Trainee: 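First, the structure itself, so that you have it in front of you.
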Amino acid sequence: MLLTRLAQVSRDVAATAARSRKTALLAELFREAEPDDVPIVIPYLAGRLPQGRLGVGWKVLSRPVPPAGEPTLTVREVDALLGELGKVSGPGSQAQRVRLVGELMGAATEEEQRFLLGLLTGEVRQGALDAVAVEGLARATGADPAAVRRAVMLAGSLQTVAQALLGEGPGALDRFRLTVGRPVLPMLAHSASSVAEAVEKLGACAVEEKLDGIRVQVHRDGDTVRVHTRTLDDITGRLPEVTAAARELRGERFILDGEVISFDAAGRPRSFQETAGRVGSRTDVAKAAGEVPVSPVFFDVLSVDGTDLLDLPFAERHAELARLVPEPMRVRRTVASGPGDLAEAERFLAETLARGHEGVVVKALDAPYSAGRRGAAWLKVKPVHTLDLVVLAAEWGHGRRTGKLSNLHLGARTPDGGFAMLGKTFKGMTDAMLAWQTERLRELAVEDDGWVVRVRPELVVEIAYDGLQRSTRYPAGVTLRFARVVRYREDKRPEEADTVEALLAAHPEVEP
DNA sequence: CTTGTCTGCCC
DNA sequence: ATTCTGC
DNA sequence: GCAGAATGGGCAGACAAG
């Protein structure tokens with residue numbers, strides 16, 4: 001199949017609003033694909049590369065290459081070239097990558113270049129990724145969409161399922177059962193703004209501590225232990241403590257879901273930055289583990305001794321978990337039978353925060369494990385802080401925000417009467433706010449380099465954030481975690497904005 | 001060898 | 001990660 | 001309620017440049 005077909009369909013999908021129509025367009029293309037093209041075409045149209053990341057990013061792709069006049073590239077040629085690209089490493093590899101990308105782009109038409117660019121940067125912007133591709137795949141093969149979706153969750157890979165389905169038909173879906181050793185997409189949580197709201201929505205529920213670490217899925221099959229991240233990356237080699245802990249458990253075959261976090265000598269959780277740095281270390285694991293040891297803390301079990309527990313209610317899964325995993329290796333929790341137990345749930349949240357953790361996750365006791373979904377059965381509750389900050393600059397948006405000033409540079413007051421930048425945010429703005437701030441900031445503009453518009457520091461904005469982090473990039477030595485706009489404070493003058501000093505005082509646990 | 005740039009992947 | 005938007 | 005878009009910050013590691 002020619003790449004130009006994919007580029008056309010991608011463009012058509014992008015131009016279509018209705019998901020049903022996007023699905024139909026994808027299904028039509030999938031039906032056309034020859035068997036050998038399938039494992040390439042499907043991931044490409046889901047906006048992902050079968051090889052995963054290639055060490056090619058914005059910098060390499062930003063060099064313009066004159067496009068070809070006629071479309072001649074086949075998807076298999078592209079796949080072969082990208083496969084090569086993924087393999088280059090060592091001295092001179094950067095130049096080699098630039099050369100290979102140049103070769104590929106030079107053989108592509110303008111439309112194909114656009115498509116490849118989106119694919120390589122992971123920003124296809126066609127309003128269709130895995131989920132729509134799954135629907136399209138189901139329609140192309142006549143399979144039940146729910147069955148295809150479930151197979152993809154259990155296989156942890158769209159590509160694998162697509163190949164089996166197109167090669168063998170709907171019968172192949174039965175093969176994708178929960179298997180120890182094969183990671184499945186983890187269940188995710190929604191947010192709630194208070195424990196009361198969460199308990200109200202869920203009824204009988206468990207309230208569990210939320211640890212600020214790295215999500216892990218641990219598989220043990222006899223002596224073999226594998227540890228995977230939220231995106232199913234295999235990080236077994238970086239976490240010897242987790243492997244050892246899994247081997248100590250009495251079960252021989254199981255899949256556990258939990259968090260990995262580092263505690264200090266006093267048993268207090270280390271900062272997310274410390275835990276994440278440790279988990280990210282792979283060149284000298286023994287040394288990293290000596291300095292920052294980590295512990296697994298589990299909260300769910302998906303499989304024990306060959307039994308798939310996914311469809312059991314959480315209450316029953318947790319009973320299995322308690323049988324398999326000793327208490328110190330499980331998250332702390334309390335159970336609420338409904339809004340009547342709200343006081344206990346709130347006491348538990350307060351205690352959890354006092355112990356240095358991030359918040360709680362409230363989980364419906366009757367809910368199954370919805371692999372790969374952000375189910376409404378899990379609601380996380382974290383304290384939210386707010387500040388009044390001053391907009392120092394804004395960046396021009398992209399995609400659906402083209403032509404709008406979007407990403408705000410936020411400043412807090414300093415003792416000298418100036419402002420220290422604390423970070424940026426583009427979150428929390430409605431389209432109306434986006435339009436309003438674009439106009440307002442334009443009036444305040446003092447400089448526009450085509451990317452950043454610097455403004456007079458006069459506009460005050462209320463910002464919500466989850467906490468402070470140390471920063472080497474920003475002048476105050478700290479930055480806001482997950483900053484988002486709440487509302488503009490036109491009633492406030494910049495001299496009334498919050499100060500760096502007050503911010504630091506409010507977060508004594510973070511040292512700049 | 002040191003420093004800076006880029007990428008990928010955690011949240 | 002969080003939030004908004006269209007389906 | 002789901003799925004997707006838009007875009008944040010830190011950190012480790014691989015290379016490039018000096």
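In the text below, chain A, chain B and the rest are named by the order of the sequence lines, each starting its count at 1. Owing to the predicted nature of the structure, the values given are computational and were not obtained by experimental measurement.
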Trainee: Do the side chain of A:Ser370 and the main chain of A:Gly375 share a donor and acceptor less than 3.5 angstrom apart?
Mentor: no
Trainee: Quick one: label A:Ala483 by what it contacts on the DNA or RNA (base, sugar-phosphate, nothing), any heavy atom closer than 4.0 Å.
Mentor: nothing
Trainee: What nucleic acid atoms does A:Ser281 come within less than 4.0 Å of, heavy atoms only: base, sugar-phosphate, or nothing?
Mentor: sugar-phosphate
Trainee: Looking only at the side chain of A:Leu129 (C-beta and beyond, no hydrogens), which of the listed nucleotides D:dG9, D:dG4, D:dA14 gets closest?
Mentor: D:dG4
Trainee: Check whether any side-chain N or O of A:Arg473 sits under 4.0 Å from OP1 or OP2 of D:dG10, and answer yes or no.
Mentor: yes
Trainee: Applying a 4.0 Å non-hydrogen cut-off, can you work out what A:Glu123 is touching in the nucleic acid: base, sugar-phosphate, or nothing?
Mentor: nothing
Trainee: Expressed in angstrom and rounded to an integer, what is the separation of A:Arg48 atom CZ from D:dA3 atom P?
Mentor: 14 Å
Trainee: Is the backbone of A:Arg11 close enough, under 3.5 Å, to the side chain of A:Gln126 for a donor and an acceptor to pair up by distance?
Mentor: no
Trainee: For every nucleotide of nucleotides 1-11 of chain B, 5' to 3': is a protein heavy atom under 4.0 Å from its base (B), only from its sugar-phosphate (S), or from neither (-)?
Mentor: -----SSSSSB
Trainee: Do the non-hydrogen side-chain atoms of A:Phe314 and A:Asp366 ever get within less than 4.5 Å of each other?
Mentor: no
Trainee: Need one value for A:Lys380: base, sugar-phosphate or nothing, where a base atom within 4.0 Å counts as base even if backbone is also close, heavy atoms only.
Mentor: sugar-phosphate
Trainee: Could you give the CZ-to-C1' distance, from A:Arg487 to C:dC4, as a whole number of Å?
Mentor: 19 Å
Trainee: Whether A:Gln273 contacts D:dC11 is assessed here as follows: a side-chain N or O lying under 4.0 Å from the phosphate OP1 or OP2. Is that the case?
Mentor: yes
Trainee: Students often get this wrong, so: under 4.0 angstrom with heavy atoms, is A:Arg19 touching a base, only sugar-phosphate, or nothing?
Mentor: base
Trainee: Just how far, in rounded Å, is P of D:dG4 from CG of A:Asp431?
Mentor: 19 Å
Trainee: Between D:dA6, D:dG8, D:dG9, which one does the side chain of A:Glu395 approach most closely?
Mentor: D:dG8
Trainee: Starting at atom CG of A:Leu158, determine the distance to atom C1' of D:dG4, rounded to an integer number of angstrom.
Mentor: 16 Å
Trainee: Give a yes/no on whether any side-chain N or O of A:Asn407 is located under 4.0 angstrom from OP1 or OP2 of D:dA6.
Mentor: no
Trainee: Give the residues of residues 181-188 of chain A touching DNA chain D, defined as any heavy atom closer than 4.0 Å, sorted by residue number.
Mentor: none
Trainee: A:Arg125 CZ to C:dT5 C1': how many Å, rounded?
Mentor: 16 Å
Trainee: What residue among A:Asp257, A:Thr229, A:Thr231 forms side-chain hydrogen bond (donor to acceptor under 3.5 Å, both in side chains) with A:Arg215?
Mentor: A:Asp257
Trainee: With distance as the sole criterion, is a donor-acceptor pair present between the side chains of A:Glu274 and A:Ser271 under 3.5 Å?
Mentor: yes
Trainee: Among C:dA1, D:dG9, D:dA3, find the nucleotide with the atom closest to the side chain of A:Lys427.
Mentor: C:dA1
Trainee: With nearest nucleotides of DNA chain C determined for A:Ala18 and A:Met429 from heavy-atom distances, which residue corresponds to the more 5′ nucleotide?
Mentor: A:Met429
Trainee: In whole Å, what is the span from the CD atom of A:Gln469 to the P atom of C:dT2?
Mentor: 13 Å
Trainee: Identify whether any heavy atom of A:Ala128 sits under 4.0 Å from a base atom; if not, whether one sits that close to sugar-phosphate; answer base, sugar-phosphate or nothing.
Mentor: sugar-phosphate
Trainee: Find which nucleotide of DNA chain D each of A:Leu422 and A:Ala133 is nearest to by heavy atoms, and output the residue with the more 5' nucleotide.
Mentor: A:Ala133
Trainee: At less than 4.0 Å, is any side-chain N or O atom of A:Ser471 found next to OP1 or OP2 of D:dG9? Yes or no.
Mentor: no
Trainee: For residues A:Leu480 and A:Lys424, determine if any side-chain heavy atom of one lies less than 4.5 Å from a side-chain heavy atom of the other.
Mentor: no
Trainee: Counting just side-chain N and O atoms, does A:Arg400 come under 4.0 Å of either OP1 or OP2 of D:dA6?
Mentor: no
Trainee: Let's go through A:Thr499 and A:Thr414 carefully: what are the C-alpha distance in whole Å and the side-chain angles of both, what is the deciding distance for side chain to side chain contact (heavy atoms under 4.5 Å, CB included) to 0.1 Å, and is it a yes or a no?
Mentor: CA-CA 6 Å; A:Thr499 63; A:Thr414 53; over 6 Å; no
Trainee: So, A:Glu462 and A:Tyr488: side-chain donor and acceptor under 3.5 Å apart, yes or no?
Mentor: no
Trainee: Determine yes or no for a side-chain-to-main-chain donor-acceptor pair under 3.5 angstrom, with A:Thr275 supplying the side chain and A:Ser262 the backbone.
Mentor: yes
Trainee: Out of D:dG4, D:dC2, C:dT2, which has the shortest distance to the side chain of A:His190?
Mentor: D:dC2
Trainee: Checking all strands, does A:Gly52 fall into the base, sugar-phosphate, or nothing category for heavy-atom contacts under 4.0 angstrom?
Mentor: nothing
Trainee: What's the CZ-P distance between A:Arg97 and D:dA14, to the nearest Å?
Mentor: 12 Å
Trainee: Could you pick out which residue, A:Lys424 or A:Asp130, lies toward the 5' side of DNA chain D when each is mapped onto its nearest nucleotide?
Mentor: A:Asp130
Trainee: What's the NE2-C1' distance between A:His398 and D:dG8, to the nearest Å?
Mentor: 15 Å
Trainee: Just checking A:His385 against A:Phe482, ring centres under 6.0 Å apart?
Mentor: no
Trainee: The test is side chain to side chain contact (heavy atoms under 4.5 Å, CB included); show your working for A:Val486 and A:Ile463 and say whether it passes.
Mentor: CA-CA 5 Å; A:Val486 179; A:Ile463 298 293; over 6 Å; no
